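As structure tokens, the structure follows; a few thoughts come after it.
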Amino acid sequence: MSASQQRLLDLGWTPDVGRAFQPYRGAHRLARVCRVDRGGADLAGGMGAVRATYGGDVLRAVAADRMAQPAVGDWTAVRDWPDDRVTLEAVLPRRTAIVRDSADRTSYGQVVAANIDVVVIVEHLDPDPDLGRIERLLVLAWGSGAQPVVVLTKPDLVPDPDGMRAEVAEVAPGVEILLVSAVPGTGLDELGALLRNGRTLALVGPSGAGKSTLTNALAGVPLLPTGSVRARDGRGRHTTTHRELVVLPGRGVIVDTPGLRAVGLVADDDAVAGAFADVEALAAHCRFRDCAHVAEPGCAVRLAVADGELDEDRLARWRKLRREAARNAARRAGDRRSVVAELEAKRHRR
Ligand SMILES: Nc1nc2c(ncn2[C@@H]2O[C@H](COP(=O)(O)OP(=O)(O)O)[C@@H](O)[C@H]2O)c(=O)[nH]1
Ligand SMILES: [Mg+2]
Ligand SMILES: [Zn+2]
């Protein structure tokens with residue numbers, strides 16, 4: 001195998017990526033996005049690292065839909081020009097995508113990371129873990145199409161990490177939960193075992209949870225800056241200038257996302273159902289199919305709350321997320337209507 005092919009495998013290349021790239025072969029090179037900013041993207045490919053600006057097709061697609069914006073983890077087709085410029089000409093179809101809400105009027109979603117195999121939700125045990133945040137990040141993960149895992153950091157700072165882990169397990173049904181301390185180095189092997197066969201892990205969670213520390217511990221070398229001190233640019237704004245996609249040759253790829261503290265969700269019912277499998281399973285036993293779980297007779301959900309099997313607060317958070325999902329669905333339907341109206345108007349003008 002050539003060095004170039006080996007690099008692509010280390011970047012997480014799969015036969016699907018090869019197939020998606022077929023139409024671009026010849027005139028383009030295949031590369032994966034390591035970091036994006038307004039002006040372009042840092043990429044890695046068979047030939048090594050490359051900086052690219054966005055081609056016309058990409059810019060037009062982004063103007064129409066924010067989701068088309070290249071994101072870390074995307075596989076792309078890039079083009080070399082005689083004057084040494086490199087342009088990113090196409091984003092290949094995404095296998096999975098972590099999508100958050102964007103405050104943008106033109107679209108509802110912004111891709112945080114693409115082509116992720118495992119979404120690692122990183123939450124600290126000190127200060128106390130925020131169960132509501134873990135639930136929201138689980139909804140984000142279930143919506144991405146990737147497998148979720150929860151990693152609880154800083155167990156070395158609390159007296160009863162196993163007890164806290166059991167509490168977190170209540171809000172993460174069916175999800176593996178690891179206690180990992182990067183500082184004394186415990187639990188790292190279990191997390192490291194998820195990194196194999198060129199799989200891509202994305203670390204999500206609030207800033208300060210220990211994501212970059214974990215990345216460095218898995219890499220065995222301090223690749224990323226850690227701690228609360230972050231670089232500032234000339235205008236005094238905080239910036240993260242390091243690459244967000246880290247390749248561990250022969251193992252896998254880690255995407256270290258910037259802190260997602262208050263993540264806006266574009267959740268749908270399925271993603272909420274994935275994160276609240278316990279509540280949904282109970283609801284399936286209610287006597288009435290349209291049970292609102294308030295005062296209906298034969299309500300299995302209320303019975304579980306009365307029996308102490310289901311936490312009232314978790315039920316309240318489930319209701320809130322279901323309302324959010326319903327609002328998102330209405331918004332999306334509205335968006336589609338406005339696109340149809342726009343097309344109609346164009347036809348009449350012609
Ligand atoms: N005691 C302890 N401190 C940790 C652990 N993991 C991370 N930290 C510290 O927490 C701080 C924030 O970590 P960092 O990796 O920068 O968090 P990030 O913002 O999620 O990338 C740093 O000062 C780390 O040294 C841990 O397992 N135990
Ligand atoms: Mg960090
Ligand atoms: Zn009910």
Side-chain angles (χ1 to χ4, degrees), residues 35 72 112-113 119-130 133-134 137 150-159 161 164-165 177-192 201-232 238-246 254-263 273 276 278-307 309-310 312 314-316 318-319 322:
R35 199 182 71 86
V72 57
V112 175
V119 176
V120 182
I121 295 164
V122 183
E123 178 76 19
H124 44 65
L125 291 181
D126 180 37
D128 276 347
D130 180 335
R133 176 167 58 211
I134 294 173
L137 290 174
V150 174
V151 166
L152 301 174
T153 59
K154 314 192 185 185
D156 53 296
L157 300 180
V158 298
M164 293 176 103
R165 179 179 190 245
I177 304 176
L178 306 176
L179 287 173
V180 183
S181 178
V183 176
T186 55
L188 270 170
D189 290 350
E190 281 167 287
L191 181 59
L201 267 56
L203 308 186
V204 301
S207 97
K211 298 181 299 299
S212 302
T213 305
L214 286 177
T215 305
N216 291 342
L218 289 170
V221 272
L223 295 172
L224 302 178
T226 61
S228 48
V229 188
R230 293 171 70 196
R232 281 172 181 265
H238 288 288
T239 53
T240 22
T241 47
H242 65 76
R243 47 199 274 143
E244 285 156 14
L245 184 138
V246 170
I254 305 176
V255 173
D256 184 43
T257 66
L260 292 175
R261 187 171 289 275
V263 55
F276 288 79
D278 53 338
V279 185
E280 305 265 345
L282 288 167
H285 288 100
C286 293
R287 183 172 307 156
F288 302 113
R289 264 202 74 213
D290 61 349
C291 184
H293 326 297
V294 179
E296 290 87 346
C299 175
V301 172
R302 298 291 345 160
L303 176 62
V305 171
D307 277 352
E309 186 194 324
L310 174 64
E312 180 92 58
R314 177 161 166 82
L315 177 59
W318 176 65
R319 285 187 199 286
R322 300 239 314 170

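A quick note: this is a predicted structure, and the numbers were derived from the prediction, not measured. Both ligands and their constituent atoms are indexed starting at 1 by order of listing.
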> Can you name the nearest heavy-atom pair linking P129 to M164, along with the distance?
Replying inline: CD-CE, 3.6 Å
>> Pairs of nitrogen or oxygen atoms closer than 3.5 Å, one from S207 and one from ligand 1: do any exist?
In response: no
>> Please list, in number order, the atoms of ligand 1 under 4.0 Å from a heavy atom of L157.
In response: 1 (N)
> Is T226 in polar range of ligand 1, meaning some N or O pair under 3.5 Å apart?
Replying inline: no
> To the nearest 10°, what's the angle at the Zn ion (ligand 3) between atoms SG (C291) and ND1 (H293)?
Replying inline: 100°
>> What I want to know is whether T213 and ligand 1 share at least one N or O pair that is separated by under 3.5 angstrom.
In response: yes
>> I'd like to know if the side chain of S212 and the backbone of T226 have a donor-acceptor N/O pair within less than 3.5 Å.
In response: no
Name every donor-acceptor pair, under 3.5 Å, that has one atom in a side chain of residues 181-190 and the other anywhere in the protein, sequence neighbours excluded.
unit_1 : atom_1 : unit_2 : atom_2 : d
S181   : OG     : D156   : OD1    : 2.9

> For ligand 1, which atoms have a heavy atom of K211 less than 4.0 angstrom away?
Replying inline: 15 (O), 17 (O), 18 (P), 19 (O), 20 (O), 21 (O)
>> Using the rule given for salt bridge (Lys or Arg N to Asp or Glu O under 4.0 Å), can you reason through K211 versus E123, listing the C-alpha separation, both sets of side-chain angles and the distance that settles it, and then say yes or no?
In response: CA-CA 9 Å; K211 298 181 299 299; E123 178 76 19; over 6 Å; no
> Taking only residues two or more places apart in sequence, or in another chain, which ones meet E296 in a salt bridge (Lys or Arg N to Asp or Glu O under 4.0 Å)?
Replying inline: none
> What part of P225, side chain, backbone, both or neither, has a heavy atom within less than 4.0 angstrom of ligand 1?
Replying inline: neither
>> Closer than 4.0 Å to some heavy atom of G227 - which atoms of ligand 1 meet that?
In response: 14 (P), 16 (O), 22 (C), 23 (O)
> If you count the atoms of ligand 1 from 1 in the order shown, which ones are under 4.0 Å from a heavy atom of P206?
Replying inline: 20 (O)
> Under 3.5 Å between some N or O of ligand 1 and some N or O of K154?
Replying inline: yes
> Has ligand 1 got any nitrogen or oxygen that is less than 3.5 angstrom from a nitrogen or oxygen of A182?
Replying inline: yes
>> If I apply the N/O under 3.5 Å rule, does L214 come out as touching ligand 1?
In response: no
>> Report whether any nitrogen, oxygen or sulfur of T226 sits less than 2.8 Å from the Mg ion (ligand 2) (N, O or S, backbone or side chain).
In response: no
